[in-house]
*Asks:* 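What follows is a single structure, and I will ask about it in a moment.
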Amino acid sequence: MADASYPEHLLYHPDHDWAAIDGDVATFGITWFAQDALGEVVFFDPPAVGTQVTKDEPYAEVESVKAVSDVIAPLSGEIVEVNEALGEDPEAINNDSYGAGWMVKVRLSDSSQTGVLLDSATYQGTLS
Amino acid sequence: MATTESSSLRRTPLYDAHVAAGGKIVDFAGWEMPVQYAGIKEEHLAVRSSVGVFDVSHMGEIETFGPGAQAFLQHLLSNDLDKLAVGGAQYSVLCREDGGVIDDLFTYRTGEDRYLTVTNASNHGKDLAWFRRQAESFDCTVVDSAEASAMLAVQGPLAREVVQALSDQPLPGKFRTGRRRIDGLDMLVAGTGYTGEDGVELIMYAEHAPVVWEALLRRGAQPIGLAARDTLRLEVCYHLYGNDLMETRGPIEAGLGWACKEDTGFVGSEAVRAVRTAGPSEKLVPFTISGPGIARQGNPVVGGGEVTSGTLSPSLGVGIGMAYVPAAAAEVGTPLQIDVRGKLRDAVVATKPLYQR
(Lines give C-alpha, C1' and ligand atoms only; values in the text may rest on other atoms or scores of the structure.)
Protein backbone atom coordinates (compact mmCIF):
# COMPACT_ATOMS: atom_id res chain seq x y z
CA MET A 1 0.00 0.00 0.00
CA ALA A 2 1.32 3.42 -0.94
CA ASP A 3 2.18 6.06 1.67
CA ALA A 4 -0.37 8.70 2.62
CA SER A 5 -0.68 11.43 0.01
CA TYR A 6 -3.17 14.11 -1.05
CA PRO A 7 -2.15 15.55 -4.44
CA GLU A 8 -2.33 19.35 -4.75
CA HIS A 9 -4.06 19.32 -8.16
CA LEU A 10 -7.18 17.56 -6.89
CA LEU A 11 -10.29 18.87 -5.15
CA TYR A 12 -11.60 17.04 -2.08
CA HIS A 13 -14.99 16.28 -0.59
CA PRO A 14 -15.10 15.93 3.22
CA ASP A 15 -16.54 12.40 2.83
CA HIS A 16 -13.09 11.38 1.56
CA ASP A 17 -13.59 11.61 -2.17
CA TRP A 18 -11.51 13.42 -4.75
CA ALA A 19 -12.36 15.05 -8.06
CA ALA A 20 -10.03 15.92 -10.93
CA ILE A 21 -11.60 18.60 -13.12
CA ASP A 22 -10.96 18.67 -16.88
CA GLY A 23 -13.28 21.22 -18.48
CA ASP A 24 -16.85 20.04 -17.87
CA VAL A 25 -15.82 16.45 -17.07
CA ALA A 26 -14.54 15.33 -13.67
CA THR A 27 -12.91 12.08 -12.61
CA PHE A 28 -13.94 10.76 -9.17
CA GLY A 29 -12.21 8.49 -6.73
CA ILE A 30 -11.65 7.96 -3.02
CA THR A 31 -8.79 9.39 -1.00
CA TRP A 32 -5.83 7.66 0.58
CA PHE A 33 -7.50 8.09 3.96
CA ALA A 34 -10.69 6.37 2.74
CA GLN A 35 -8.94 3.36 1.23
CA ASP A 36 -6.79 3.00 4.36
CA ALA A 37 -9.89 3.01 6.56
CA LEU A 38 -11.61 0.45 4.33
CA GLY A 39 -8.71 -1.95 4.19
CA GLU A 40 -8.21 -4.21 1.21
CA VAL A 41 -10.87 -3.51 -1.39
CA VAL A 42 -12.21 -6.73 -2.89
CA PHE A 43 -15.21 -5.58 -4.90
CA PHE A 44 -16.27 -2.40 -6.68
CA ASP A 45 -19.87 -2.22 -7.84
CA PRO A 46 -19.97 0.58 -10.39
CA PRO A 47 -23.09 2.41 -11.55
CA ALA A 48 -24.10 2.32 -15.22
CA VAL A 49 -22.94 4.89 -17.76
CA GLY A 50 -25.71 7.46 -18.15
CA THR A 51 -26.69 7.41 -14.47
CA GLN A 52 -27.24 10.81 -12.87
CA VAL A 53 -25.22 11.33 -9.70
CA THR A 54 -25.93 13.98 -7.10
CA LYS A 55 -23.37 15.82 -5.01
CA ASP A 56 -23.20 14.44 -1.44
CA GLU A 57 -25.21 11.32 -2.40
CA PRO A 58 -23.89 7.76 -2.82
CA TYR A 59 -23.24 6.63 -6.41
CA ALA A 60 -21.38 3.34 -5.98
CA GLU A 61 -20.41 0.74 -3.40
CA VAL A 62 -16.95 -0.34 -2.54
CA GLU A 63 -16.43 -3.44 -0.49
CA SER A 64 -13.51 -4.56 1.59
CA VAL A 65 -13.15 -7.96 3.23
CA LYS A 66 -14.58 -6.39 6.37
CA ALA A 67 -17.46 -4.27 5.20
CA VAL A 68 -19.27 -2.43 2.46
CA SER A 69 -19.21 1.35 2.13
CA ASP A 70 -21.03 3.86 -0.02
CA VAL A 71 -18.99 6.10 -2.26
CA ILE A 72 -20.25 9.69 -2.18
CA ALA A 73 -20.36 11.90 -5.27
CA PRO A 74 -18.30 15.06 -4.73
CA LEU A 75 -20.18 16.82 -7.56
CA SER A 76 -23.39 16.36 -9.60
CA GLY A 77 -23.64 15.21 -13.19
CA GLU A 78 -24.03 12.27 -15.57
CA ILE A 79 -21.68 9.31 -15.62
CA VAL A 80 -19.94 9.12 -19.00
CA GLU A 81 -17.37 6.41 -18.21
CA VAL A 82 -16.71 3.86 -15.46
CA ASN A 83 -13.38 2.25 -14.66
CA GLU A 84 -14.10 -1.27 -15.91
CA ALA A 85 -10.61 -2.40 -14.94
CA LEU A 86 -11.61 -2.26 -11.27
CA GLY A 87 -13.85 -5.27 -11.87
CA GLU A 88 -10.75 -7.40 -12.32
CA ASP A 89 -8.41 -5.41 -10.11
CA PRO A 90 -10.30 -3.69 -7.26
CA GLU A 91 -7.04 -3.56 -5.28
CA ALA A 92 -5.97 -0.68 -7.53
CA ILE A 93 -8.21 1.43 -5.25
CA ASN A 94 -5.72 0.70 -2.45
CA ASN A 95 -2.52 0.65 -4.44
CA ASP A 96 -3.09 3.71 -6.62
CA SER A 97 -6.14 5.56 -5.31
CA TYR A 98 -5.48 8.70 -7.42
CA GLY A 99 -4.40 6.87 -10.58
CA ALA A 100 -5.49 3.38 -11.64
CA GLY A 101 -8.02 3.43 -8.78
CA TRP A 102 -10.21 6.13 -10.34
CA MET A 103 -13.88 5.14 -10.33
CA VAL A 104 -16.02 7.17 -12.75
CA LYS A 105 -15.95 10.16 -15.11
CA VAL A 106 -18.87 12.53 -14.83
CA ARG A 107 -20.11 15.31 -17.11
CA LEU A 108 -20.79 18.03 -14.59
CA SER A 109 -24.26 19.57 -14.47
CA ASP A 110 -23.21 22.55 -12.33
CA SER A 111 -19.54 23.44 -12.48
CA SER A 112 -20.04 26.13 -9.80
CA GLN A 113 -20.24 23.29 -7.25
CA THR A 114 -16.47 22.95 -7.41
CA GLY A 115 -16.26 26.12 -5.36
CA VAL A 116 -17.34 24.36 -2.16
CA LEU A 117 -14.86 21.50 -2.46
CA LEU A 118 -11.68 21.58 -0.40
CA ASP A 119 -8.08 21.96 -1.46
CA SER A 120 -5.51 19.44 -0.31
CA ALA A 121 -4.35 21.35 2.77
CA THR A 122 -7.89 22.09 3.97
CA TYR A 123 -8.96 18.47 3.46
CA GLN A 124 -5.93 17.18 5.35
CA GLY A 125 -6.89 19.55 8.16
CA THR A 126 -10.19 17.65 8.53
CA LEU A 127 -8.37 14.37 9.07
CA SER A 128 -6.64 15.14 12.35
CA MET B 1 -14.40 17.36 24.28
CA ALA B 2 -14.98 13.66 23.78
CA THR B 3 -14.73 11.48 26.83
CA THR B 4 -12.09 8.80 26.92
CA GLU B 5 -14.38 6.04 25.79
CA SER B 6 -11.45 3.65 25.47
CA SER B 7 -10.93 3.59 29.23
CA SER B 8 -13.91 1.24 29.59
CA LEU B 9 -12.46 -1.19 27.02
CA ARG B 10 -10.25 -4.01 28.19
CA ARG B 11 -6.81 -4.88 26.88
CA THR B 12 -5.06 -8.23 26.72
CA PRO B 13 -1.47 -8.54 28.07
CA LEU B 14 -0.35 -8.27 24.42
CA TYR B 15 -1.88 -4.88 23.62
CA ASP B 16 1.50 -3.15 23.40
CA ALA B 17 2.87 -5.98 21.28
CA HIS B 18 -0.02 -5.58 18.83
CA VAL B 19 0.58 -1.87 18.47
CA ALA B 20 4.32 -2.51 18.01
CA ALA B 21 3.54 -5.07 15.28
CA GLY B 22 1.44 -2.50 13.37
CA GLY B 23 -1.90 -3.90 14.47
CA LYS B 24 -5.00 -1.84 13.68
CA ILE B 25 -6.91 -1.83 16.97
CA VAL B 26 -10.72 -2.04 17.14
CA ASP B 27 -13.36 -2.54 19.79
CA PHE B 28 -14.40 -6.20 19.79
CA ALA B 29 -16.84 -7.47 22.47
CA GLY B 30 -15.56 -4.81 24.86
CA TRP B 31 -11.89 -5.49 24.15
CA GLU B 32 -9.32 -3.46 22.24
CA MET B 33 -8.17 -6.11 19.78
CA PRO B 34 -6.04 -6.12 16.60
CA VAL B 35 -8.33 -6.52 13.57
CA GLN B 36 -5.40 -6.74 11.14
CA TYR B 37 -1.64 -6.17 10.84
CA ALA B 38 -0.11 -6.65 7.37
CA GLY B 39 -3.50 -7.05 5.66
CA ILE B 40 -6.36 -9.53 5.84
CA LYS B 41 -5.57 -11.42 2.66
CA GLU B 42 -1.87 -11.72 3.39
CA GLU B 43 -2.54 -12.87 6.95
CA HIS B 44 -5.19 -15.34 5.82
CA LEU B 45 -2.91 -16.89 3.22
CA ALA B 46 -0.01 -17.04 5.71
CA VAL B 47 -2.10 -19.30 7.94
CA ARG B 48 -3.11 -21.47 4.96
CA SER B 49 0.48 -21.80 3.72
CA SER B 50 2.81 -21.47 6.74
CA VAL B 51 2.03 -20.33 10.28
CA GLY B 52 0.25 -17.52 12.11
CA VAL B 53 -0.28 -16.61 15.75
CA PHE B 54 -3.51 -15.13 17.11
CA ASP B 55 -3.99 -13.42 20.46
CA VAL B 56 -7.31 -14.83 21.67
CA SER B 57 -6.86 -13.76 25.27
CA HIS B 58 -10.23 -12.04 25.13
CA MET B 59 -11.79 -15.50 25.26
CA GLY B 60 -12.72 -16.66 28.76
CA GLU B 61 -11.76 -19.70 30.79
CA ILE B 62 -13.88 -21.46 33.40
CA GLU B 63 -12.29 -24.17 35.52
CA THR B 64 -14.48 -26.81 37.12
CA PHE B 65 -13.06 -29.26 39.64
CA GLY B 66 -14.10 -31.64 42.40
CA PRO B 67 -15.70 -35.08 42.73
CA GLY B 68 -18.93 -33.89 41.08
CA ALA B 69 -17.30 -31.99 38.21
CA GLN B 70 -18.00 -34.62 35.58
CA ALA B 71 -21.65 -35.06 36.59
CA PHE B 72 -22.08 -31.30 36.63
CA LEU B 73 -20.65 -30.77 33.15
CA GLN B 74 -22.63 -33.73 31.85
CA HIS B 75 -25.74 -31.94 33.12
CA LEU B 76 -24.73 -28.63 31.55
CA LEU B 77 -22.99 -29.41 28.25
CA SER B 78 -24.60 -31.03 25.22
CA ASN B 79 -21.89 -33.57 24.43
CA ASP B 80 -21.20 -36.82 26.31
CA LEU B 81 -18.67 -36.11 29.05
CA ASP B 82 -18.20 -39.86 29.62
CA LYS B 83 -16.38 -39.84 26.29
CA LEU B 84 -13.94 -37.15 27.39
CA ALA B 85 -10.82 -38.84 28.77
CA VAL B 86 -8.09 -37.12 30.78
CA GLY B 87 -5.97 -35.26 28.25
CA GLY B 88 -8.85 -34.93 25.79
CA ALA B 89 -10.80 -32.04 24.24
CA GLN B 90 -14.49 -31.93 23.41
CA TYR B 91 -16.75 -29.45 21.63
CA SER B 92 -20.26 -28.85 22.92
CA VAL B 93 -22.97 -26.27 23.21
CA LEU B 94 -24.53 -24.79 26.29
CA CYS B 95 -28.32 -24.75 25.97
CA ARG B 96 -31.18 -23.04 27.73
CA GLU B 97 -34.09 -25.21 28.88
CA ASP B 98 -35.85 -24.42 25.60
CA GLY B 99 -32.82 -25.56 23.59
CA GLY B 100 -31.63 -22.07 22.61
CA VAL B 101 -27.85 -21.86 22.35
CA ILE B 102 -26.19 -19.87 25.15
CA ASP B 103 -22.67 -20.50 23.85
CA ASP B 104 -20.51 -22.99 22.02
CA LEU B 105 -17.41 -24.14 23.84
CA PHE B 106 -14.39 -26.41 23.96
CA THR B 107 -13.86 -28.29 27.22
CA TYR B 108 -10.48 -29.81 28.08
CA ARG B 109 -10.14 -32.52 30.71
CA THR B 110 -6.96 -31.52 32.48
CA GLY B 111 -7.17 -34.07 35.33
CA GLU B 112 -9.33 -36.83 36.76
CA ASP B 113 -11.71 -34.32 38.39
CA ARG B 114 -10.56 -31.20 36.61
CA TYR B 115 -11.88 -29.49 33.49
CA LEU B 116 -11.23 -26.23 31.69
CA THR B 117 -13.90 -24.72 29.45
CA VAL B 118 -13.15 -21.91 26.99
CA THR B 119 -15.94 -19.38 26.47
CA ASN B 120 -16.57 -16.74 23.84
CA ALA B 121 -15.51 -13.28 25.02
CA SER B 122 -18.95 -11.77 24.56
CA ASN B 123 -20.58 -14.62 26.49
CA HIS B 124 -18.14 -15.20 29.33
CA GLY B 125 -20.13 -13.31 31.97
CA LYS B 126 -23.45 -14.98 31.16
CA ASP B 127 -21.80 -18.43 30.86
CA LEU B 128 -20.14 -18.02 34.23
CA ALA B 129 -23.42 -17.00 35.87
CA TRP B 130 -25.14 -20.01 34.26
CA PHE B 131 -22.36 -22.37 35.43
CA ARG B 132 -22.53 -21.02 38.97
CA ARG B 133 -26.30 -21.19 39.20
CA GLN B 134 -26.42 -24.77 37.91
CA ALA B 135 -23.46 -25.88 40.06
CA GLU B 136 -25.28 -25.36 43.36
CA SER B 137 -26.58 -28.92 43.50
CA PHE B 138 -23.28 -30.56 42.50
CA ASP B 139 -20.15 -31.33 44.53
CA CYS B 140 -17.80 -29.19 42.47
CA THR B 141 -16.17 -25.79 42.40
CA VAL B 142 -16.44 -23.35 39.50
CA VAL B 143 -13.60 -20.85 39.14
CA ASP B 144 -13.38 -17.94 36.71
CA SER B 145 -9.78 -17.97 35.47
CA ALA B 146 -10.30 -15.62 32.52
CA GLU B 147 -8.56 -12.67 34.12
CA ALA B 148 -5.45 -14.65 35.06
CA SER B 149 -5.16 -16.38 31.69
CA ALA B 150 -3.90 -15.48 28.24
CA MET B 151 -4.55 -17.61 25.17
CA LEU B 152 -2.64 -17.82 21.90
CA ALA B 153 -3.61 -19.86 18.87
CA VAL B 154 -0.76 -20.99 16.61
CA GLN B 155 -2.21 -22.25 13.35
CA GLY B 156 -1.03 -23.37 9.94
CA PRO B 157 0.87 -26.24 8.32
CA LEU B 158 4.09 -25.15 10.09
CA ALA B 159 2.43 -24.40 13.45
CA ARG B 160 3.41 -27.59 15.22
CA GLU B 161 6.99 -27.33 14.02
CA VAL B 162 7.29 -23.79 15.42
CA VAL B 163 5.77 -24.65 18.81
CA GLN B 164 7.55 -28.00 19.04
CA ALA B 165 10.90 -26.24 18.76
CA LEU B 166 10.02 -24.31 21.93
CA SER B 167 8.54 -27.26 23.85
CA ASP B 168 10.12 -29.53 26.47
CA GLN B 169 8.11 -32.56 25.29
CA PRO B 170 6.22 -33.77 22.21
CA LEU B 171 3.05 -31.71 21.68
CA PRO B 172 -0.42 -33.19 22.28
CA GLY B 173 -2.08 -34.51 19.12
CA LYS B 174 -5.30 -33.32 17.51
CA PHE B 175 -8.08 -32.90 20.12
CA ARG B 176 -5.61 -33.80 22.89
CA THR B 177 -4.30 -31.56 25.63
CA GLY B 178 -1.59 -31.53 28.27
CA ARG B 179 0.78 -29.31 30.21
CA ARG B 180 4.07 -28.43 28.55
CA ARG B 181 6.88 -25.96 29.09
CA ILE B 182 6.93 -23.68 26.05
CA ASP B 183 9.99 -21.42 25.98
CA GLY B 184 10.52 -22.64 29.56
CA LEU B 185 7.05 -21.52 30.74
CA ASP B 186 4.41 -23.89 32.08
CA MET B 187 1.12 -23.86 30.17
CA LEU B 188 -1.75 -25.91 28.80
CA VAL B 189 -1.27 -26.94 25.16
CA ALA B 190 -4.27 -28.19 23.17
CA GLY B 191 -4.45 -29.58 19.66
CA THR B 192 -7.39 -27.42 18.69
CA GLY B 193 -8.05 -24.32 16.62
CA TYR B 194 -10.52 -22.31 14.58
CA THR B 195 -8.94 -22.16 11.14
CA GLY B 196 -9.22 -25.61 9.59
CA GLU B 197 -5.43 -25.90 9.69
CA ASP B 198 -3.28 -28.03 11.96
CA GLY B 199 -2.04 -26.23 15.04
CA VAL B 200 -2.26 -25.75 18.78
CA GLU B 201 -3.79 -23.39 21.28
CA LEU B 202 -1.78 -22.28 24.30
CA ILE B 203 -3.44 -21.26 27.56
CA MET B 204 -0.98 -19.63 29.93
CA TYR B 205 -0.61 -17.25 32.83
CA ALA B 206 -1.34 -13.75 31.56
CA GLU B 207 2.07 -12.42 32.61
CA HIS B 208 3.84 -15.02 30.41
CA ALA B 209 2.07 -14.03 27.21
CA PRO B 210 4.46 -11.30 25.96
CA VAL B 211 7.51 -13.59 26.21
CA VAL B 212 5.77 -16.47 24.44
CA TRP B 213 4.41 -14.13 21.75
CA GLU B 214 7.93 -12.83 21.04
CA ALA B 215 9.36 -16.36 20.94
CA LEU B 216 6.72 -17.41 18.40
CA LEU B 217 7.36 -14.36 16.19
CA ARG B 218 11.12 -15.02 16.31
CA ARG B 219 10.44 -18.56 15.06
CA GLY B 220 8.53 -17.15 12.08
CA ALA B 221 4.89 -17.08 13.17
CA GLN B 222 3.10 -14.10 11.59
CA PRO B 223 0.66 -12.10 13.77
CA ILE B 224 -2.91 -12.58 12.55
CA GLY B 225 -5.81 -10.27 13.37
CA LEU B 226 -9.47 -10.93 14.07
CA ALA B 227 -10.54 -10.17 10.50
CA ALA B 228 -8.48 -13.03 9.06
CA ARG B 229 -9.59 -15.23 11.96
CA ASP B 230 -13.14 -14.68 10.69
CA THR B 231 -12.40 -15.41 7.02
CA LEU B 232 -10.39 -18.52 7.97
CA ARG B 233 -13.16 -19.96 10.14
CA LEU B 234 -15.88 -19.18 7.63
CA GLU B 235 -14.04 -20.99 4.81
CA VAL B 236 -14.23 -24.16 6.91
CA CYS B 237 -17.78 -23.43 8.18
CA TYR B 238 -16.98 -23.12 11.87
CA HIS B 239 -19.77 -21.34 13.72
CA LEU B 240 -19.34 -17.89 15.21
CA TYR B 241 -21.52 -17.17 18.22
CA GLY B 242 -23.58 -14.03 17.70
CA ASN B 243 -23.60 -14.63 13.95
CA ASP B 244 -24.46 -18.28 13.31
CA LEU B 245 -25.46 -19.28 16.84
CA MET B 246 -27.91 -17.46 19.09
CA GLU B 247 -30.31 -18.09 21.95
CA THR B 248 -33.30 -17.91 19.61
CA ARG B 249 -32.13 -20.92 17.59
CA GLY B 250 -31.10 -24.40 18.66
CA PRO B 251 -28.13 -26.64 17.86
CA ILE B 252 -30.02 -28.96 15.47
CA GLU B 253 -30.95 -26.02 13.22
CA ALA B 254 -27.30 -24.94 13.36
CA GLY B 255 -26.05 -28.33 12.19
CA LEU B 256 -24.51 -29.13 15.58
CA GLY B 257 -26.57 -32.26 16.23
CA TRP B 258 -23.30 -34.24 16.22
CA ALA B 259 -22.27 -32.42 19.42
CA CYS B 260 -25.58 -33.13 21.19
CA LYS B 261 -26.14 -36.39 23.05
CA GLU B 262 -29.71 -36.06 24.36
CA ASP B 263 -29.53 -39.36 26.27
CA THR B 264 -27.22 -37.68 28.81
CA GLY B 265 -30.17 -35.52 29.88
CA PHE B 266 -28.33 -32.19 29.61
CA VAL B 267 -30.22 -28.96 30.22
CA GLY B 268 -32.24 -28.39 27.06
CA SER B 269 -31.97 -32.01 25.87
CA GLU B 270 -35.75 -32.53 25.73
CA ALA B 271 -36.19 -29.51 23.48
CA VAL B 272 -33.24 -30.58 21.32
CA ARG B 273 -34.64 -34.10 21.04
CA ALA B 274 -38.03 -32.76 19.95
CA VAL B 275 -36.46 -30.74 17.12
CA ARG B 276 -34.25 -33.64 16.06
CA THR B 277 -37.26 -36.01 15.98
CA ALA B 278 -39.63 -33.67 14.15
CA GLY B 279 -36.90 -32.28 11.87
CA PRO B 280 -35.92 -28.61 12.04
CA SER B 281 -37.99 -26.12 10.06
CA GLU B 282 -34.82 -24.29 9.00
CA LYS B 283 -31.17 -25.24 8.66
CA LEU B 284 -27.87 -23.42 8.59
CA VAL B 285 -26.20 -24.02 5.24
CA PRO B 286 -22.94 -22.89 3.67
CA PHE B 287 -23.25 -21.12 0.33
CA THR B 288 -21.11 -19.65 -2.41
CA ILE B 289 -22.09 -16.65 -4.50
CA SER B 290 -22.17 -17.52 -8.18
CA GLY B 291 -21.24 -14.13 -9.63
CA PRO B 292 -19.83 -10.89 -8.25
CA GLY B 293 -20.90 -9.54 -4.88
CA ILE B 294 -20.54 -10.40 -1.23
CA ALA B 295 -23.43 -11.26 1.05
CA ARG B 296 -23.27 -10.03 4.62
CA GLN B 297 -24.85 -10.85 7.96
CA GLY B 298 -28.52 -9.87 7.93
CA ASN B 299 -29.05 -10.06 4.15
CA PRO B 300 -32.42 -11.78 3.51
CA VAL B 301 -32.65 -14.98 1.48
CA VAL B 302 -35.49 -14.80 -1.05
CA GLY B 303 -38.23 -17.23 0.00
CA GLY B 304 -37.26 -17.11 3.66
CA GLY B 305 -34.17 -17.13 5.76
CA GLU B 306 -31.19 -14.90 6.33
CA VAL B 307 -27.44 -14.75 5.97
CA THR B 308 -25.68 -15.00 9.34
CA SER B 309 -22.08 -14.78 8.10
CA GLY B 310 -20.69 -13.60 4.79
CA THR B 311 -17.40 -12.48 3.37
CA LEU B 312 -15.14 -12.75 0.35
CA SER B 313 -13.13 -15.95 0.62
CA PRO B 314 -9.44 -15.02 0.29
CA SER B 315 -8.60 -18.61 -0.70
CA LEU B 316 -11.37 -19.08 -3.27
CA GLY B 317 -11.82 -15.50 -4.50
CA VAL B 318 -15.63 -15.69 -4.33
CA GLY B 319 -18.30 -14.58 -1.90
CA ILE B 320 -19.06 -17.25 0.69
CA GLY B 321 -21.18 -17.46 3.78
CA MET B 322 -23.67 -19.29 5.92
CA ALA B 323 -27.42 -18.74 6.04
CA TYR B 324 -30.46 -20.15 7.79
CA VAL B 325 -32.86 -21.32 5.06
CA PRO B 326 -36.12 -23.32 5.11
CA ALA B 327 -35.30 -27.03 5.49
CA ALA B 328 -36.67 -27.69 2.00
CA ALA B 329 -34.02 -25.38 0.52
CA ALA B 330 -31.11 -26.84 2.49
CA GLU B 331 -30.00 -29.56 0.07
CA VAL B 332 -26.52 -29.14 -1.41
CA GLY B 333 -26.85 -27.68 -4.88
CA THR B 334 -30.09 -25.78 -4.18
CA PRO B 335 -29.97 -22.37 -5.87
CA LEU B 336 -30.56 -19.41 -3.56
CA GLN B 337 -31.13 -15.75 -4.21
CA ILE B 338 -29.78 -13.36 -1.61
CA ASP B 339 -30.94 -9.78 -1.35
CA VAL B 340 -27.71 -7.83 -0.96
CA ARG B 341 -28.81 -4.26 -0.29
CA GLY B 342 -31.52 -4.40 -2.93
CA LYS B 343 -29.57 -6.38 -5.55
CA LEU B 344 -30.41 -10.05 -5.95
CA ARG B 345 -27.28 -12.20 -5.99
CA ASP B 346 -27.34 -15.80 -7.15
CA ALA B 347 -25.87 -18.31 -4.73
CA VAL B 348 -25.87 -22.06 -4.29
CA VAL B 349 -25.98 -24.26 -1.20
CA ALA B 350 -22.51 -25.79 -0.96
CA THR B 351 -20.83 -28.65 0.87
CA LYS B 352 -18.86 -28.19 4.07
CA PRO B 353 -16.10 -27.18 4.28
CA LEU B 354 -16.14 -24.46 1.63
CA TYR B 355 -12.36 -24.57 1.49
CA GLN B 356 -10.37 -27.77 1.40
CA ARG B 357 -6.64 -27.96 1.03
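Proteins get letters first, then strands, A, B, ... in listed order; numbering begins at 1 in each.
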*Asks:* Compute the centroid of each ring, for A:Phe33 and then for A:Tyr6, and state whether the two points are separated by less than 6.0 Å.
*Replies:*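 Judged by ring-centre distance (under 6.0 Å), A:Phe33 and A:Tyr6 do not meet the cut-off.
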
*Asks:* What part of B:Glu42 lies closer than 4.5 angstrom to a heavy atom of chain A: side chain, backbone, both or neither?
*Replies:*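 Backbone only.
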
*Asks:* Salt-bridge test for B:Arg357 and B:Glu235: reply yes if a basic N is under 4.0 Å from a carboxylate O, no otherwise.
*Replies:*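 No.
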
*Asks:* Mind checking which of residues 289-304 of chain B sit less than 4.5 Å from chain A, heavy atom to heavy atom?
*Replies:*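 The list, in residue order, reads B:Pro292, B:Gly293, B:Ile294, B:Arg296.
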
*Asks:* Ring centres under 6.0 Å, that's the criterion: do B:Trp213 and B:His18 meet it?
*Replies:*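 Aromatic pair counts; centres sit under 6.0 Å.
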
*Asks:* Are the side chain of B:Trp31 and the backbone N or O of B:Arg11 linked by a donor-acceptor pair below 3.5 Å?
*Replies:*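 Not at all, since once roles are kept as given, no pair shorter than 3.5 Å links the two residues.
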
*Asks:* Quick check with a 6.0 Å cut-off and a 45 degree axis cone: is B:Arg229 positioned over the face of B:Tyr194's six-membered ring?
*Replies:*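 No, B:Arg229 and B:Tyr194 do not form such a contact.
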
*Asks:* Take a 6.0 Å sphere around NZ of A:Lys55 and say whether it holds more than 12 heavy atoms from other residues, nucleotides or ligands.
*Replies:*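 Yes - once you tally the heavy atoms of other residues, nucleotides and ligands closer than 6.0 Å, there are more than 12.
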
